[in-house]
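The block underneath contains the structure these notes are about, expressed in structure tokens.
Computation of the quantities below employed the complete heavy-atom set of this structure, encompassing side-chain atoms and omitting hydrogens, waters and symmetry-equivalent molecules. Chain letters run A, B, ... following the sequence lines, proteins first, then strands; residues in each count from 1. All figures in this text were calculated on a predicted structure; none of them were measured in a lab.
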2 protein chains.
Amino acid sequence: MSVGHMGITTEAVVGCEEHVDCGIRDVLDRIGDKWSVLVVVELAQGMRRFRQLQRAVPGISQRMLTLTVRRLERDGLLTRTVHPTVPPQVEYELTPMGHSLTRLVRALADWSLEHRGAIAVARQEWDEANPGSGIR
Amino acid sequence: MSVGHMGITTEAVVGCEEHVDCGIRDVLDRIGDKWSVLVVVELAQGMRRFRQLQRAVPGISQRMLTLTVRRLERDGLLTRTVHPTVPPQVEYELTPMGHSLTRLVRALADWSLEHRGAIAVARQEWDEANPGSGIR
DNA sequence: CTGTATCCCCGCTGATACTG
DNA sequence: CAGTATCAGCGGGGATACAG
């Protein structure tokens, strides 16, 4: 490995003065939960209403969708617009910061698609070499 | 029915157009836990022994370090080398796939450092606008 | 030093019922 | 439609003790 990693990582490297955690836990605490990234990915395609979001994210409950969008709104990653109509109509849309997050999420998806095969193989081999280990 | 170990994910790639999850949950289930990325970041700098890792990752317990490295080993992200010495000596090192994950983690860190200020502001404003909401 | 084995708490999440 | 309220279950993760 070459001595100097060039490119976009300089900022993170210099910001990493004290610990191994260079703000990484901050991001993961924010989007590492079960539903946030999925909601963000759906909203990356444009404005969505509550019910639309729930249909687009298979398996999410009403409660968890509410909690997820609230937290994303709190962090400034999306906006929530209430139209005082009957029936009520609430629109969710990513902020510019939310859109910047989608680029990160895309990188995650790319990495996953690129390596999921190799990981599946590694897992199977490890499980065969370590029967009954209890590790998941 | 298990799809099998040999299939390389053409199905997933095309399926990415249909579902909001393009393998994103796979990655997050793998590195979205409390300690994995921190261990990976430390190992990005080179081979480490068990005790070294524990000292480098503040707050991690013996139990969680063991579980974390086991899971990373199982997924083929690091290698575990046991030297039959007294006292025992075990070395952990990232695989090439583990190193490729490092680039992803750096992107996370970059994004975090770039936006943590804005997020902190957004949170404070939201909390002031929504007192006693219970959202965290 | 490098783990295993238990116990246990707490918070995330799902399910369900209810409301404006 | 878009939530809120409440309860229950499970699993992640910490503390501790023990072992090779």
Can you tell which of A:Glu93, A:Glu91, A:Glu42 makes a side chain to side chain donor-acceptor pair (under 3.5 Å) with A:Arg48? A:Glu42
Atom CD of B:Gln52 and atom P of C:dG3 are separated, to the nearest Å, by 13 Å
Let me know the distance between CZ of B:Phe50 and P of C:dT2, rounded to the nearest Å. 7 Å
Using the closest heavy atom to pick a nucleotide of DNA chain C for each, name whichever of B:Arg70 or A:Trp35 lands nearer the 5' end. B:Arg70
Looking at A:Arg25 and A:Asp29, is there a salt bridge between them, counting it only when a charged N and a carboxylate O are closer than 4.0 Å? yes
Euclidean distance, atom NE2 of residue A:His83 to atom P of D:dG3 [Å, nearest integer]: 13 Å
Euclidean distance, A:Arg30 CZ relative to A:Ser36 OG, rounded to 0.5 Å: 10.0 Å
Has the side chain of B:Arg63 got a donor or acceptor atom sitting under 3.5 Å from an opposite partner on the base of C:dG3? no
Nearest to the side chain of B:Pro88 - D:dG20, C:dG3, D:dG13? D:dG20
Compare side-chain N and O positions of A:Tyr92 against OP1 and OP2 of D:dC1 and report whether any pair is under 4.0 Å apart. no
Indicate yes or no: at least one non-hydrogen side-chain atom of B:Tyr92 is less than 4.5 angstrom from one of B:Leu53. yes
Donor-acceptor pair, distance only, cut-off 3.5 Å: does the side chain of B:Thr95 make one with the backbone of B:Leu77? yes
Measure from CD on A:Gln54 to C1' on D:dA2 and round the result to the nearest Å. 10 Å
A:Leu65 CG - C:dA15 C1' separation (whole Å): 16 Å
Check the distance between C:dT4's P and B:Met64's CE and give it to me in whole angstrom. 14 Å
B:Ile135 has an atom CD1; how far is it from atom P of D:dA5, in whole Å? 10 Å
For a quick test of reading the model: is some side-chain N or O of A:Arg51 closer than 4.0 Å to OP1 or OP2 of D:dC1? yes
State whether B:Arg80 places a side-chain N or O below 4.0 Å from either non-bridging phosphate oxygen (OP1 or OP2) of C:dG3. yes
Quick one: label A:Arg49 by what it contacts on the DNA or RNA (base, sugar-phosphate, nothing), any heavy atom closer than 4.0 Å. sugar-phosphate
Let me know the distance between CD of B:Gln62 and C1' of C:dA5, rounded to the nearest Å. 12 Å
